[in-house]
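Contents: one structure, followed by commentary.
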Amino acid sequence: MAKMYYEKDCDLAKLDGKKITIIGYGSQGHAHALNLKESGCDVCVGLRQGSRHWAEAEAAGLQVKTVAEAAKWGDVIMMLVNDEVQAAVYQADIAPNLEAGNALMFAHGFNIHFKQIVPPADVDVLMIAPKGPGHTVRSTYVNGKGVPCLLAVEQNATGKAYDIGLAYAAGIGGARGGVMETTFQDETETDLFGEQAVLCGGVVELMKLGFETLVEAGYAPENAYFECIHEMKLIIDLINKGGVAAMNYSISDTAEFGEYVSGSRVLPYEETKKNMKAVLRDIQDGVFAGKWIAENKNGRTFFNAKRAQLAKHPMETVGAELRRNMLWGEDTDLDTASN
Ligand code: NAD
Ligand code: MG
Ligand code: MG
Ligand code: MG
Ligand code: MG
Ligand code: MG
């Protein structure tokens with residue numbers, strides 16, 4: 001069983017007198033910076049000169065410096081720029097400003113595990129990885145709750161890396177939900193697998209194929225959107241609250257019977273598992289990481305083409321129209337235009 005920590009195991013005071021720098025003000029960055037500030041920590045945000053987030057962070061009451069100045073200022077430096085630019089940002093602006101005894105933190109293990117960033121031996125290297133989107137890290141904190149986090153320590157130069165990680169998890173509210181101890185390797189591999197096979201890759205493909213099947217059979221696209229996309233969240237919310245049993249309790253017995261009869265027709269057990277294992281192997285062997293690093297070096301042609309293609313898919317255009325009349329989106333700060 002994994003080791004779990006909760007608020008009672010964390011001492012926020014371990015961050016007393018420490019200056020905390022958050023590099024980046026995107027999904028995770030804004031949430032960590034604001035939550036830590038409201039938990040009483042001394043926080044600064046590091047951004048590029050001219051970043052559209054500069055004024056936004058200042059308006060939220062945060063101090064903002066350039067990445068290099070913020071890295072120099074901070075004792076604890078959390079890397080919350082996109083994974084694919086972290087190595088360049090680290091080389092240019094962070095490494096020259098790291099001091100012995102500083103803590104370098106990450107919210108995902110990619111760059112340390114795949115050795116895109118190799119910090120000096122005299123700094124702590126650790127991870128607090130929230131298991132949820134940044135906007136949820138923020139909204140749950142505001143509501144007195146928290147998104148569970150993973151904690152991993154790669155280098156414990158000061159002997160205090162665990163204290164800092166647990167205090168940080170408490171500061172962003174994550175310890176309210178629970179902090180599970182892991183390693184950079186396990187976090188990296190399981191995070192990549194989860195998002196590729198199930199959460200993002202698997203779910204989007206499943207919804208798209210379901211939507212297309214209904215539309216190709218002559219049903220209204222709006223109807224297909226409601227059945228295969230809109231209801232996904234409602235079903236997942238039930239599973240999130242009480243497991244599959246809670247969902248099955250809430251859905252009709254007809255739906256539950258259909259679940260048993262057709263689920264494995266759509267996702268054949270042996271074949272799907274074989275494909276999932278192949279995806280996992282590519283992650284473990286570094287094949288996926290190599291592809292992603294190369295894609296960024298080559299101007300992201302595949303990535304950009306796929307993104308443009310998906311934006312034109314009727315499941316997206318029909319969905320956008322229908323969602324205009326469903327005023328229950330809570331994440332009003334989700335800025336998909338810039339993402
Ligand atoms: P994001 O794309 O939402 O935001 C990145 C921020 O970095 C933006 O503000 C961008 O303007 C800034 N930035 C980009 N290039 C920069 C540069 N050269 N110099 C300075 N700033 C720059 O990123 P995110 O999704 O919050 O991801 C941050 C980290 O958190 C990643 O390691 C990611 O894997 C991890 N993470 C993200 C989520 C999530 O829900 N998005 C969940 C868990 C962990
Ligand atoms: Mg994840
Ligand atoms: Mg991820
Ligand atoms: Mg139904
Ligand atoms: Mg039922
Ligand atoms: Mg994104």
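In each ligand, atom 1 is the first atom listed, and ligand 1 is the first ligand listed.
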>> Would Lys241 and Asp237 count as a salt bridge (Lys or Arg N to Asp or Glu O under 4.0 Å) here? Give the steps.
In response: CA-CA 6 Å; Lys241 280 209 184 94; Asp237 281 348; 6.0 Å; no
> For Gly26 and ligand 1, does the shortest N/O to N/O distance drop below 3.5 Å?
Replying inline: yes
> Counting from 1, what ligand 1 atoms have a heavy atom of Pro133 closer than 4.0 Å?
Replying inline: 40 (O)
> Going through the distances and angles, do Lys274 and Glu271 end up as a salt bridge (Lys or Arg N to Asp or Glu O under 4.0 Å)?
Replying inline: CA-CA 5 Å; Lys274 193 172 99 225; Glu271 200 188 335; over 6 Å; no
> What part of Val81 sits under 4.0 Å from ligand 1 if we count only heavy atoms: the side chain, the backbone, both or neither?
Replying inline: both
>> Suppose you place the vertex at the Mg ion (ligand 3); what is the angle out to Asp191 OD2 and Glu195 OE1, to 10°?
In response: 100°
>> With side-chain hydrogen bond (donor to acceptor under 3.5 Å, both in side chains) as the criterion, how do Glu181 and Tyr162 come out once you've worked through the C-alpha distance, each side chain's angles and the decisive distance to 0.1 Å?
In response: CA-CA 10 Å; Glu181 190 175 338; Tyr162 285 92; 3.3 Å; yes
>> Please check this pair: side chain of Ser27 against backbone of Gly134, looking for a donor-acceptor N/O pair closer than 3.5 Å.
In response: yes
>> Does ligand 1 come near enough to Ser51 that some N or O of the ligand is less than 3.5 Å from an N or O of the residue?
In response: no
> What atoms of ligand 1 come closer than 4.0 angstrom to any heavy atom of Pro130?
Replying inline: 43 (C)
> Does Asp83 bring an N, O or S atom to under 2.8 Å of the Mg ion (ligand 3)?
Replying inline: no
>> Among Leu192, Asn111, Asn82, which one puts a heavy atom closest to atom 5 (C) of ligand 1?
In response: Asn82
>> Closer than 4.0 Å to some heavy atom of Tyr25 - which atoms of ligand 1 meet that?
In response: 9 (O)
>> Does ligand 1 come near enough to Ser27 that some N or O of the ligand is less than 3.5 Å from an N or O of the residue?
In response: yes
>> Tell me the nearest of Leu80, Asp93, Leu150, Ile128 to atom 28 (C) of ligand 1, using heavy-atom distances.
In response: Leu80
>> Nearest 0.5 Å, please: how far is OG in Ser39 from CG in Leu34?
In response: 10.5 Å
> Under 3.5 Å, side chain of Tyr141 to main-chain N/O of Gly173, donor-acceptor pair present?
Replying inline: no
> Considering residues, nucleotides and ligands other than Lys65, do more than 12 of their heavy atoms fall under 6.0 Å from its NZ?
Replying inline: yes
